[in-house]
There are 2 protein chains.
Amino acid sequence: MNDASPQTRIQKRNMGVILDAALEVFSAHGFRGATLDQIAGAAGLSKPNLLYYFPSKEAIHIALLSGLMDTWLAPLRRLDPEGDPVEEIVAYVLGKLEMARDYPRESRLFANEIVQGAPRILDQIEGPLKALVDEKAEVIAGWGDAGHIAPVDPHHLIFSIWATTQHYADFDAQVRGILRPEGDAHFADAAKFLETMYRRMLTRP
Amino acid sequence: MNDASPQTRIQKRNMGVILDAALEVFSAHGFRGATLDQIAGAAGLSKPNLLYYFPSKEAIHIALLSGLMDTWLAPLRRLDPEGDPVEEIVAYVLGKLEMARDYPRESRLFANEIVQGAPRILDQIEGPLKALVDEKAEVIAGWGDAGHIAPVDPHHLIFSIWATTQHYADFDAQVRGILRPEGDAHFADAAKFLETMYRRMLTRP
DNA sequence: AAAAGGTTTGACCATTTGGTCAGGATCACG
DNA sequence: CGTGATCCTGACCAAATGGTCAAACCTTTT
């Protein structure tokens with residue numbers, strides 16, 4: 001099965017089904033913890049059929065990761081240098097929190113990968129991700145210099161936003177164990193808390 | 001090998017060596033990703049010898065997790081209801097950050113476990129951990145009611161502290177990929193950032 | 001020093017797992 | 001409808017992996 005080739009109807013459907021099943025299984029068990037049988041089962045296909053569409057387990061994993069990286073960075077890319085600084089950052093925080101709520105599997109897939117040293121996406125981190133982060137850090141630093149927000153280390157600000165928002169997806173089991181919420185009810189509280197926190201820290205006294 | 005039995009000199013030494021090796025390997029690869037051969041190699045023992053001291057791979061993992069839980073919670077336990085509120089919380093943040101710097105393997109071991117749904121420690125989370133967190137949340141809520149700190153949702157405050165500090169251990173690969181620091185140099189910046197952030201958000205305007 | 005108890009190992013086993021392959025079923029299209 | 005391309009599968013394989021065991025090897029104790 002070649003990539004980048006024009007896809008037939010069946011190919012499009014099955015590759016989609018496989019990637020969705022793989023996201024389910026990889027995000028729940030990590031790369032090594034996931035088996036082709038599990039993925040095949042979740043996809044409703046036979047194991048050899050999986051390997052008709054992807055040459056190996058690792059190829060599925062890589063396809064998932066690189067396909068998701070863009071989606072995952074979209075909110076940061078949307079941070080507008082021309083917008084109102086505090087509102088831009090708050091919007092980014094809340095957007096990221098919504099992603100953690102609506103796409104927890106994607107978040108956990110990355111979390112699994114990075115906790116284990118990011119062996120398969122280190123180059124993506126050191127390349128495009130670093131570039132984007134550095135660019136947006138410049139913007140935030142500019143806002144600080146201009147006195148539009150209280151001065152902060154922009155890189156660590158971004159890390160803190162990632163950490164606090166993704167926490168609700170990646171450590172869902174812990175959050176639920178402690179809060180015992182009904183469904184996703186706690187996300188509203190989290191949004192209120194994070195909005196308050198970042199407003200307080202960015203608003204000049 | 002029975003637990004809780006009086007240990008010989010050799011037992012004490014080897015069980016320690018095994019647990020250290022297991023921490024190294026489990027934290028880097030997750031439960032499923034770690035193999036007994038790897039652990040045995042890291043410990044400088046043969047695989048059957050491992051299984052002389054622990055009945056199974058899972059037993060090693062459980063021994064590690066429950067042995068570490070206490071250490072991991074110590075900083076929160078130290079939060080003193082009688083101390084100065086803002087200073088107590090800042091000290092907790094900085095203490096947790098130091099643990100992330102000095103014991104990243106422990107942090108990643110938990111991260112791996114929780115990202116994958118905490119199958120082996122869910123009861124510890126819903127039991128002792130929840131109890132401790134609820135207790136300290138009460139303390140923080142009291143500080144808020146008394147006007148000693150700006151009002152915050154205490155549970156989410158604690159989550160944010162865990163998230164922001166453990167981020168530097170759990171997502172080390174990402175942080176290093178973006179910051180490219182010399183050694184642990186970035187931890188000083190992180191400490192400064194987090195101290196500023198939590199002071200601003202807790203200090204009444 | 002010899003018995004008793006604790007420690008270590010090589011050889012081995014059953015199962016799981018990623019992956020292959022030859023051939024059969026199905027589909028697209030002239 | 002027929003034929004070539006695409007899609008799918010059962011049977012199979014080699015390697016990896018968790019775990020067992022009898023026998024050999026150390027320590028400790030008497």
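Protein chains get the first letters and strands the later ones, always in sequence-line order, with residue 1 at the start of each. Here the structure is a predicted model, which is why all the values come from computation and not from measurement. The basis for the numbers below is simple: all heavy atoms, side chains too, and nothing from hydrogens, waters or symmetry mates.
There is no side-chain donor-acceptor pair under 3.5 Å between B:R32 and A:H29. Between the side chains of A:H155 and B:D189, no donor-acceptor pair is found at a separation under 3.5 Å.
One atom, CG of A:N49, and another, P of C:dC21, lie 17 Å apart when rounded to the nearest Å. Put simply, CG on B:N14 is 15 Å from P on D:dC26, counting in whole angstrom units. In this structure, the CG atom of A:L45 is 17 Å from the C1' atom of C:dG18, given to the nearest Å.
Between B:Q11 and C:dT7 there is a side-chain N or O to OP1 or OP2 distance below 4.0 Å. Dashed line: the shortest gap from a side-chain N or O of B:Y52 to OP1 or OP2 of C:dT8 is not under 4.0 Å. Checking the phosphate oxygens (OP1, OP2) of C:dT8, a side-chain nitrogen or oxygen of B:Y53 falls inside 4.0 Å. Residue B:T8 has no polar side-chain atom (N or O) positioned under 4.0 Å from OP1 or OP2 of D:dT27.
For the pair A:L157/A:I89, a side-chain contact is recorded, criterion being any heavy-atom separation below 4.5 Å from C-beta on.
Heavy atoms from other residues, nucleotides or ligands lying under 6.0 Å from CZ of A:F187 number more than 12. Around the CD atom of A:E138, the shell of radius 6.0 Å holds no more than 12 heavy atoms that belong to other residues, nucleotides or ligands.
Here the side chain of A:K136 pairs no donor or acceptor atom with the backbone of A:D80 at under 3.5 angstrom.
Between B:F110 and B:W72, the ring planes are tilted. Angles from 30° to 60° get that label.
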Open item on the list: Protein within reach of the bases, or only the backbone? For nucleotides 10-22 of chain D, mark each nucleotide 5' to 3' as B, S or -, using heavy atoms under 4.0 Å.
Closed with: B------SBBBB-
Show me the protein contacts with nucleotides 28-30 of chain C, counting only N or O atoms at under 3.5 Å.
residue	atom	partner	partner atom	Å
C:dA28	OP1	A:R9	NE	3.4
C:dA28	OP1	A:R9	NH2	2.9

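Aromatic ring centres of B:Y168 and A:H156 lie closer together than 6.0 Å.
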